[in-house]
There are 6 protein chains.
Amino acid sequence: MTIRLDGRNPQQLREVTVERGWSAHAEGSALISFGATKVLCTASFTQGVPRWKVGKGEGWVTAEYSMLPRATHDRSDREAVKGKIGGRTHEISRLIGRSLRAVVDVRELGENTIVIDCDVLQADGGTRTAAITGAYIALADAINWAREQKIISAKAQPLRDSVAAVSVGIIDSEPFLDLAYTEDVRAETDMNVVVTGAGKFVEVQGTAEGAPFDRDELNALLDLALAGTNQLTAIQKAALAR
Amino acid sequence: MTIRLDGRNPQQLREVTVERGWSAHAEGSALISFGATKVLCTASFTQGVPRWKVGKGEGWVTAEYSMLPRATHDRSDREAVKGKIGGRTHEISRLIGRSLRAVVDVRELGENTIVIDCDVLQADGGTRTAAITGAYIALADAINWAREQKIISAKAQPLRDSVAAVSVGIIDSEPFLDLAYTEDVRAETDMNVVVTGAGKFVEVQGTAEGAPFDRDELNALLDLALAGTNQLTAIQKAALAR
Amino acid sequence: MTIRLDGRNPQQLREVTVERGWSAHAEGSALISFGATKVLCTASFTQGVPRWKVGKGEGWVTAEYSMLPRATHDRSDREAVKGKIGGRTHEISRLIGRSLRAVVDVRELGENTIVIDCDVLQADGGTRTAAITGAYIALADAINWAREQKIISAKAQPLRDSVAAVSVGIIDSEPFLDLAYTEDVRAETDMNVVVTGAGKFVEVQGTAEGAPFDRDELNALLDLALAGTNQLTAIQKAALAR
Amino acid sequence: MTIRLDGRNPQQLREVTVERGWSAHAEGSALISFGATKVLCTASFTQGVPRWKVGKGEGWVTAEYSMLPRATHDRSDREAVKGKIGGRTHEISRLIGRSLRAVVDVRELGENTIVIDCDVLQADGGTRTAAITGAYIALADAINWAREQKIISAKAQPLRDSVAAVSVGIIDSEPFLDLAYTEDVRAETDMNVVVTGAGKFVEVQGTAEGAPFDRDELNALLDLALAGTNQLTAIQKAALAR
Amino acid sequence: MTIRLDGRNPQQLREVTVERGWSAHAEGSALISFGATKVLCTASFTQGVPRWKVGKGEGWVTAEYSMLPRATHDRSDREAVKGKIGGRTHEISRLIGRSLRAVVDVRELGENTIVIDCDVLQADGGTRTAAITGAYIALADAINWAREQKIISAKAQPLRDSVAAVSVGIIDSEPFLDLAYTEDVRAETDMNVVVTGAGKFVEVQGTAEGAPFDRDELNALLDLALAGTNQLTAIQKAALAR
Amino acid sequence: MTIRLDGRNPQQLREVTVERGWSAHAEGSALISFGATKVLCTASFTQGVPRWKVGKGEGWVTAEYSMLPRATHDRSDREAVKGKIGGRTHEISRLIGRSLRAVVDVRELGENTIVIDCDVLQADGGTRTAAITGAYIALADAINWAREQKIISAKAQPLRDSVAAVSVGIIDSEPFLDLAYTEDVRAETDMNVVVTGAGKFVEVQGTAEGAPFDRDELNALLDLALAGTNQLTAIQKAALAR
């Protein structure tokens, strides 16, 4: 059996920890780690919606992803210093926002906005999947806060389901779950899968970094991903139950 | 049987036309249309590679996607005027670049760069898939040009395969091929699939815009996409044979 | 007699073609070509005016000019990627806007704005003069559209005249009409002249690229330009009559 | 006879003053005023040329124009604060640069660059023409400095002629020389004319702000402009002789 | 006794001159010089306040500092051209704004804003202290103007005191007042001190450029600074009395 | 005796904790907290120096400060999204860089650069002083790392002393040490003092937010600050000894 550098078998997640309520200021927050990957997720609940949503009686959920300059092995320049946001940052911010909105009924939020900030404090692969998984917890707590503060009705149910995400990939023709950075670099195919608590797909983003992949490989990766998000859903539930 | 607004059945592509060699200046070019969607793809072959590739003896292929301000039903502001590129533009540019590189052996290019520009002159859904499909033709011609100019060796085979892309989606629980704009807006799930000439996947990007989707729906969409890219591959071959 | 590279005599325009209504979405549009120079002009009619015009009961006409990166012989970087618009682009956009406003009675437009986008798809000299000449056609059609839609009154006459433009220049002491790119590069003096249908000047922009020019040379260039715009006015009329 | 608000007749320049050598640091400088318009022109002589000129053995002359925020009647926002340069600024900077280069033989400069900064301290119409007229003086002194410092040869003659500029315009069908701000606002046609010491044209930029203009009006304006630049040339000579 | 390059003794200010009302347009203005350092300060009085101050019945005072590109010995790039404001500029603009607000009772201004622009025309050390000292004069005159125009009540007393600033520094262990550029470069410690007319501190900003400084050195510098601002206060009074 | 909201007396620091080596990637790092203020400081040691330092045989130390958007009570927009860095961020980044360089002998670093990133994860006043205090620890460890890696000589002593910082302020005429956010808001005068391990001043930045302050108040604040930095120096020593 293949043993990975960190001792895992190919079907195994890294250790996942969640510090719920890490932030003293945010309405919801979680410091989540997938192994050495650490992402601080905060949810800011604010009254009002973006201009293009005004007057519809609905809310909005959006997300911003960023990495600290030395989250990575080599320091990268700050996007604020460069004066523009890179394509990768944009892409991941949009992915997180779509993933969360897929489980939110914005009509139940009233004309309020929840901004989720996912800041990667340390990166070791899987930062976007850790971000989505942690962001859901921050989001759930911000909604709880709004209910307690009576900003939204006690009966409002903005969350239709939970959502979690995991990466999978093919290395040397074998499928692996939850890739660490060094594994991600070696993967021929890399896929990020976002799945609801009920086990349905929200996003499937597979990319051939090396050789193109066939239908069987795709199926094997999806099986592995669903097993992984199933565990992550359980971890989210446990964290929110504490 | 479901008949679409434009008369197609759900499994049918829109009419695809290719004007190969549209540009008098570019080393390769194609004006491609998927129905009312029209994308001008040009390939610029230039000597040298980006700084981080220098000295490896390899080439590089990259892409930039953009829309004319009035390509769409309502005019959108120019990104040059806003002073920054939006997330969607970044995301699609990166997707096109990755899709093309998946079929290019950069070692066969020498230290040369091919920049593919995909400018949407008119948009009616599927701009990114038309762009990838047309970009491949421009790329192939730029490589032919370089071979004729003896900038790369007559025996060099930088292209390992062709690549084409199509969108698929679920509307009212039924899978549709090659969505026009009004269909795209209605789709619960929307997927862009990039496939090689040999029928293998390069990118699978599925997104639940409405309800999450299950494994059966995913499979139906992939079947439809593969049938579509199969036809697009034939259209590319025919265009390049002219 | 001097024969030019493309077979024209010095007093001759290049072949001018106009595809009126090229765009499926814009309220007015024209794909105009002056020889190998091709410019897509679209006119977007929108309700409302810029903030500084609000409440005056008048409309506004403005223009934006841009070149596709590979419109030219060598690829140029996108201004959106550079994050700022260059001086040349600014200058030409302003020239087009002023030229059109010179024949528009904004009081007849109501508080509506027409934005003209001139995107150079292929460049071979004279892009700004082709843009102005084509923009007038798009503008006229957008006004017709507004009248048909009853957004402006059936009796409103926002257009006081037509407007067209041509370049002229001195090469080896001889005046030439409608310079192609290779001629433009060689010209000692280069002039762009914008003229109304009635034959009056809207803009005269002469620049000594090499030796300064005297009054006689200026007069010879103006004669040539007026002959050229006279023909362009006829072409515009014919296109709008179709 | 028409008497202007400031007591001038239509053919008269405003009082022109020149403080040559205003700057303690610049290699050449002049604080020039055309009436209440005051422009500080400095010429910075630096070794080396822009990258695209390297290795040709030639120099380069370029210019940057700017206005202090409260040079005008109402305060305008700083372009540095807005983060981008406006079209008008770009256009005038380019005009000044072209005008100066028209009288410079860059081969006589060696691989050196002269940057001319024209900063409008107070504006009352004609800022670009005052800038060009003052810039020539700063440029001439920077070239003198380089000759004295033996950075260029004692025999080098980079200046082929002098250059000066003036505005002219038509107000109520009458031509006026050197428009003050309130006149400029009222002018139907506005023209900036750049002329060499020998009386030849470098730039002719006429714009119909109101009604288009005919050939006779154009000729009357050019006559007036040449008379004005003739006087400005004399003022430049006198200043440089001090 | 130490004699400085410019003949001063260590406790001496450079010659200070004030041209009050330099600008024809601004509501208050002063061209101030500290030796060869020349700063044009204009105060623009405008109705309305920034959005975050609206509805409080109070006014606002803010400042912007900038240097002309050739104010310094070597030319520096324009911040407008670079597209962003540097840290030093930001820092000094904020310092000037805070210093002025320290002597303004914004409740007495009504909902009006005074913007102070401090543009360094020539720099020889101490530009920020000259700017603050001159800005106070421009500010006082803009307030006088508003009172005369009856925009604020004749009894309103927005100014609680005057404010002036001076630099001090330690060179070769000896404290010096009002450092010129060459002295500033050599200073081990450099301090800018902003003091009210009544002799109280508004800002004390001391920085060890070389060796850290002790309490005695700090005290000696503060003594020197207070003596300097005392004289500057007298110069301000004299200027405002003219 | 005055008791503060958090139970401290006016002369007391908040609890200070240091997690040295928090980052798995950085050459030196510390997560420092001053009460609820938490700053992650990382030191990145890289070979080479900025262009203007090349060839002098010396190194460079610089710093960048930033706040996560929800570090504060209300969410603030990301500077990367706004596309520019605010004045406050610039000012603090420069302060941290100067403070560290004051205790570094750059000649002992060789041509290497240390970049210190100070990212505020949670803010409750004193973020810049916590950042400086933590940055010193990260810096010391990065230097240790370079010595161990033999990138600099085992005998090199780049650190001349340690450096720490604390805020002090006057509230209701009484001096307080280490202000929490709510105290900072109420302070009439606010001072940040940067002090070496030997007790000498590196920076003294006092600002009258309300009433100007006199010499006695300044002295009382400096006494308090020196007592505070004395304790912080001991905490730094203890952390580095672990």
Side-chain angles (χ1 to χ4, degrees), chain C residues 62-65 79 82-99 101-103 105 160-163 170 188-219 221-223 225-226 229, chain D residues 62-65 79 82-99 101-103 105 160-163 170 188-219 221-223 225-226 229:
Chain C
T62 186
E64 291 185 7
Y65 166 96
E79 293 183 323
K82 288 192 284 187
K84 54 184 169 187
I85 289 183
R88 181 182 174 277
T89 297
H90 260 141
E91 201 170 303
I92 299 178
S93 294
R94 286 158 57 89
L95 171 65
I96 300 170
R98 281 199 313 272
S99 297
R101 285 192 299 272
V103 296
D105 183 345
R160 291 192 281 225
D161 201 341
S162 67
V163 67
I170 294 172
E188 293 110 46
T189 290
D190 177 18
M191 183 145 52
N192 292 292
V193 186
V194 184
V195 179
T196 62
K200 290 196 151 194
F201 297 111
V202 165
E203 291 271 341
V204 173
Q205 296 206 339
T207 296
E209 304 282 354
F213 52 101
D214 64 21
R215 197 70 176 259
D216 288 344
E217 291 170 310
L218 177 58
N219 280 324
L221 289 174
L222 291 170
D223 290 342
L226 287 168
T229 53
Chain D
T62 186
E64 291 185 6
Y65 166 96
E79 294 184 323
K82 288 192 286 188
K84 54 184 170 187
I85 289 183
R88 180 182 176 279
T89 298
H90 260 140
E91 202 169 304
I92 300 178
S93 294
R94 286 157 57 89
L95 172 65
I96 300 170
R98 281 199 312 271
S99 298
R101 284 192 298 273
V103 296
D105 183 346
R160 291 191 281 225
D161 201 341
S162 67
V163 66
I170 294 171
E188 293 110 45
T189 290
D190 177 16
M191 184 145 50
N192 291 292
V193 185
V194 184
V195 179
T196 62
K200 289 196 152 193
F201 298 111
V202 165
E203 291 270 342
V204 173
Q205 297 205 338
T207 296
E209 305 281 355
F213 53 101
D214 63 23
R215 197 73 176 258
D216 289 345
E217 290 170 311
L218 176 59
N219 280 323
L221 289 174
L222 291 171
D223 290 342
L226 287 168
T229 52

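None of the values given here were measured: they were computed from a predicted structure. Below, read A as the first sequence line, B as the second, and so on, with proteins coming before strands; counting in each chain starts at 1.
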**Message:** Just so I understand: if I count every heavy-atom pair under 4.5 Å between each of D/Val103, D/Asp161, D/Asp223 and chain C, which residue has the most?
**Reply:**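 That would be D/Asp223.
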Using non-hydrogen atoms only, which part of [X] is less than 4.5 Å away from chain D: side chain, backbone, both, or neither?
X        : answer
C/Asn219 : both
C/Arg215 : both
C/Asp190 : neither

**Asked** Listed by chain and number, what are the ring-ring contact (aromatic ring centres under 6.0 Å, His included) partners of D/Tyr65, not counting sequence neighbours?
**Response**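 Partners of D/Tyr65 under the ring-ring contact (aromatic ring centres under 6.0 Å, His included) test: none.
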Using non-hydrogen atoms only, which part of [X] is less than 4.5 Å away from chain C: side chain, backbone, both, or neither?
X        : result
D/Arg88  : both
D/Thr196 : side chain
D/Leu95  : neither

Which of the residues [options] is involved in the greatest number of heavy-atom pairs with chain D at under 4.5 angstrom?
options                      : answer
C/Gly83, C/Gly87, C/Gly210   : C/Gly87
C/Gly206, C/Ser93, C/Ala102  : C/Gly206
C/Gly86, C/Gly199, C/Ser99   : C/Gly86
C/Thr207, C/Thr189, C/Leu222 : C/Thr207

**Pairing residues for D/Arg160 by the salt bridge (charged side-chain N to carboxylate O under 4.0 Å, His left out) criterion, not counting sequence neighbours** =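 Per chain and number, D/Arg160 pairs via salt bridge (charged side-chain N to carboxylate O under 4.0 Å, His left out) with no residue.
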So, do [X] and [Y] sit near enough that their side-chain heavy atoms are less than 4.5 Å apart?
X        : Y        : result
C/Phe213 : D/Val202 : no
D/His90  : C/His90  : yes
D/Gln205 : C/Val204 : no

**Asked** In Å, rounded to the nearest 0.5 Å, how long is the span from CD of C/Glu217 to CZ of D/Phe201?
**Response**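 Here the interatomic distance stands at 10.5 Å.
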